[in-house]
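A short write-up of the structure that comes next.
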Amino acid sequence: MTTPDPDQNLIPLFKLLDRELMARLMQRTGTGAAVTVRELASKASVPHGTIGNLLTGEQESVFLPSACAICAVLGVDLLILFAPMGRSSRHTGGRRLEMSA
C-alpha cells in the first residue's frame, strides 16, 4: 500500500470550462492540424483516459501541469480552456478570522 504524497495537495486543480470547445480545438490546433485523443494524450504526457474522460464529462478537472500541457499542445492559453478550482494550498491549522457583527 502506498502512502499519498502530501505535496500533491499543493498542486492546484483546474476545471475544464467547455468540453465542446476542447473538442473543436482538437480538430484544429494552433498549428492548424487536427489531433486525436491518443495523440493529444501522448503529446501532453497525460493518460489517454484522462483526455477521453474530460471530453465525455466523466472527469471535470486535472492538476495544473496536465492542464498546461493540454493547452500547450492545443495552442491556447490556459485560462481559455481551464479555470482554477478551490485553494491552491493546504490549510495550515492556524486560527480562522472571526467575523465581527
Side-chain angles (χ1 to χ4, degrees):
M1 187 164 138
T2 59
T3 304
D5 183 0
D7 289 333
Q8 189 72 25
N9 293 332
L10 299 175
I11 302 172
L13 279 172
F14 275 70
K15 182 177 180 176
L16 180 64
L17 295 172
D18 187 339
R19 296 179 301 171
E20 292 175 4
L21 176 59
M22 182 171 165
R24 284 194 307 274
L25 290 169
M26 289 174 64
Q27 293 172 1
R28 187 172 176 90
T29 65
T31 64
V35 65
T36 66
V37 168
R38 287 185 182 270
E39 289 169 340
L40 175 56
S42 175
K43 290 178 181 182
S45 299
V46 174
H48 67 88
T50 297
I51 303 298
N53 290 341
L54 286 170
L55 289 170
T56 62
E58 191 170 327
Q59 181 174 341
E60 294 183 346
S61 60
V62 293
F63 288 110
L64 177 60
S66 297
C68 289
I70 291 167
C71 288
V73 173
L74 296 176
V76 297
D77 290 336
L78 176 66
L79 297 179
I80 297 297
L81 203 52
F82 291 94
M85 292 180 60
R87 296 176 183 230
S88 61
S89 62
R90 290 179 283 165
H91 186 272
T92 59
R95 290 185 59 200
R96 292 185 179 189
L97 295 175
E98 302 278 331
M99 290 193 60
S100 54

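Everything quoted here is computed from the prediction, not taken from an experiment.
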Checklist entry - If you measure from NZ on Lys15 to CD on Glu60, what distance do you get to the nearest 0.5 Å? => result 4.5 Å
Checklist entry - Taking the side chain as C-beta and beyond, is there a heavy-atom pair between Pro84 and Phe14 under 4.5 Å? => result yes
Item to check | Sequence-distant partners of Arg38, side-chain hydrogen bond (donor to acceptor under 3.5 Å, both in side chains), two or more places apart | outcome: His48
Tabulate below the donor-acceptor pairs under 3.5 Å that side-chain atoms of residues 65-77 make, not counting sequence neighbours, or state none.
none

Under 3.5 Å, side-chain donor or acceptor atoms of residues 16-25 against the rest of the protein: list the pairs with distances, not counting sequence neighbours.
from: Asp18; atom 1: OD1; to: Glu20; atom 2: N; distance (Å): 3.0
from: Asp18; atom 1: OD1; to: Leu21; atom 2: N; distance (Å): 3.1
from: Arg19; atom 1: NH1; to: Thr56; atom 2: O; distance (Å): 2.5

Item to check | Heavy-atom pair of closest approach, residues Ala34 and Glu39 | outcome: O-OE1, 4.0 Å
Item to check | Listed partners of Gln59 passing side-chain contact (heavy atoms from CB on, under 4.5 Å), at least two apart | outcome: Thr50, Asn53, Leu54, Val62
Next on the checklist: Would you say that Met26 contacts Thr36 through its side chain, given a criterion of any heavy-atom pair below 4.5 Å between the two side chains?
Outcome noted: no
Checklist outcome for this item: Residues passing the side-chain hydrogen bond (donor to acceptor under 3.5 Å, both in side chains) test with Thr29, sequence neighbours excluded, are Thr31
